[in-house]
Amino acid sequence: TQLLEQSPQFLSIQEGENLTVYCNSSSVFSSLQWYRQEPGEGPVLLVTVVTGGEVKKLKRLTFQFGDARKDSSLHITAAQPGDTGLYLCAGAHGTASKLTFGTGTRLQVTL
Amino acid sequence: EAQVTQNPRYLITVTGKKLTVTCSQNMNHEYMSWYRQDPGLGLRQIYYSMNVEVTDKGDVPEGYKVSRKEKRNFPLILESPSPNQTSLYFCASRSLGYNEQFFGPGTRLTVL
């Protein structure tokens with residue numbers, strides 16, 4: 001199993017602060033996805049990145065895929081309480097028949 | 001509404017008592033998968049299926065069985081549950097060739 005390590009594991013910040021979550025692996029992935037999971041629900045896809053060095057923006061969220069396609073980061077600008085949740089990265093190999101999920105980062109944004 | 005449904009949502013059972021968690025999707029997806037989620041370990045794949053009658057092991061298949069007799073259904077079977085199978089289980093589906101997986105709401109299983 002190719003592990004994906006996320007850091008930090010937990011993050012508690014105040015509204016308006018910026019934060020970055022990292023997803024690292026020793027394995028090369030053909031694509032990488034980020035999901036957000038809220039309590040009592042399943043993960044929901046936020047974005048997929050497929051090209052080394054690719055940067056995608058989703059409102060206040062910026063996702064980057066590493067040049068070597070082994071790592072990724074998620075940056076949130078001016079965090080809001082609605083950003084609270086568990087963030088999971090997931091790497092795919094080849095035809096994406098199998099996703100390897102990261103260990104997760106639990107984010108709490110307080111007023 | 002396009003969705004993945006799981007039943008039951010919560011289940012408390014005892015060691016050795018066979019159980020089945022059902023999963024159904026209404027999106028005509030070929031690919032379906034089961035995951036378990038444990039604190040600090042993220043989501044780990046148990047089994048997946050690329051289409052009807054085609055199933056394969058994921059990372060943690062021991063103690064589980066699946067079947068795919070119909071495209072929409074992918075039940076997870078625990079023949080003889082043990083306490084180490086206490087976990088939060090998710091079913092997911094997607095269309096082959098597309099990245100996005102759609103997850104069910106989860107089943108919280110406790111084995112005493």
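Please read these numbers as outputs of a predicted model, since none were measured by experiment. Here is how names work: the chains are called A, B, and so on, in the same order as the sequence lines, proteins then strands, and each is numbered from 1. The figures here come from the full heavy-atom set of this structure, side chains too, leaving out hydrogens, waters and symmetry mates.
Interatomic distance, A:Thr100 OG1 to B:Arg44 CZ, rounded to the nearest 0.5 Å: 12.5 Å. Within the model, atoms CG of A:Leu99 and OH of B:Tyr31 stand 6.5 Å from one another, a figure rounded to the nearest 0.5 Å. Atom CG of residue B:Leu43 and atom OG1 of residue A:Thr103 lie 11.0 Å apart, to the nearest 0.5 angstrom.
Looking only at distances, no side-chain donor or acceptor of B:Arg108 sits under 3.5 Å from a matching main-chain atom of A:Gly40.
A:Phe101 and A:Val50 fall into different hydrophobic clusters, defined by Ile, Leu, Val, Met, Phe, Trp and Tyr side-chain heavy atoms under 4.5 Å apart, directly or through other members. B:Leu11 and B:Tyr35 fall into different hydrophobic clusters, where Ile, Leu, Val, Met, Phe, Trp and Tyr side chains are chained together by heavy-atom contacts under 4.5 Å. Under the 4.5 Å side-chain contact rule for hydrophobic residues, B:Leu88 and A:Leu86 share a cluster. Hydrophobic cluster membership is shared by B:Met32 and B:Leu76, with clusters built from Ile, Leu, Val, Met, Phe, Trp and Tyr side chains linked at under 4.5 angstrom. The hydrophobic clustering, which links ILVMFWY residues whose side-chain heavy atoms are closer than 4.5 Å, places B:Val4 and B:Met50 apart.
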Next item on the list: Would you please test B:Gln101 and A:Tyr35 for side-chain contact (heavy atoms from CB on, under 4.5 Å) and show each step?
Entry: CA-CA 10 Å; B:Gln101 280 200 112; A:Tyr35 290 79; 3.6 Å; yes
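Between chain B and the residues A:Gly102, A:Pro43, A:Gly104, the largest count of heavy-atom pairs under 4.5 Å involves A:Pro43. Of all the listed residues (A:Thr48, A:Val44, A:Leu88), the one sharing the greatest number of non-hydrogen pairs under 4.5 Å with chain B is A:Thr48.
Applying the disulfide (SG to SG under 2.5 Å) test to residues at least two apart or on different chains, the pairs with a partner in residues 11-111 of chain B are B:Cys23-B:Cys91.
In terms of heavy atoms, A:Gly42 sits closest to B:Phe103 at CA-CB, 4.1 Å.
A donor-acceptor pair shorter than 3.5 Å can be found between the side chains of B:Gln37 and A:Gln37.
Interface residue B:Arg9: only side-chain heavy atoms are found under 4.5 Å from chain A. For B:Gln6, no part sits under 4.5 Å from any heavy atom of chain A, backbone or side chain. Looking at A:Gln9, only its side chain comes within 4.5 Å of chain B, counting heavy atoms on both sides. Neither the backbone nor the side chain of B:Phe102 comes within contact range of chain A; no heavy atom of the residue lies under 4.5 Å from a heavy atom of that chain.
For A:Leu58, the CG atom sits in a packed shell: over 12 heavy atoms of surrounding residues, nucleotides or ligands are nearer than 6.0 Å.
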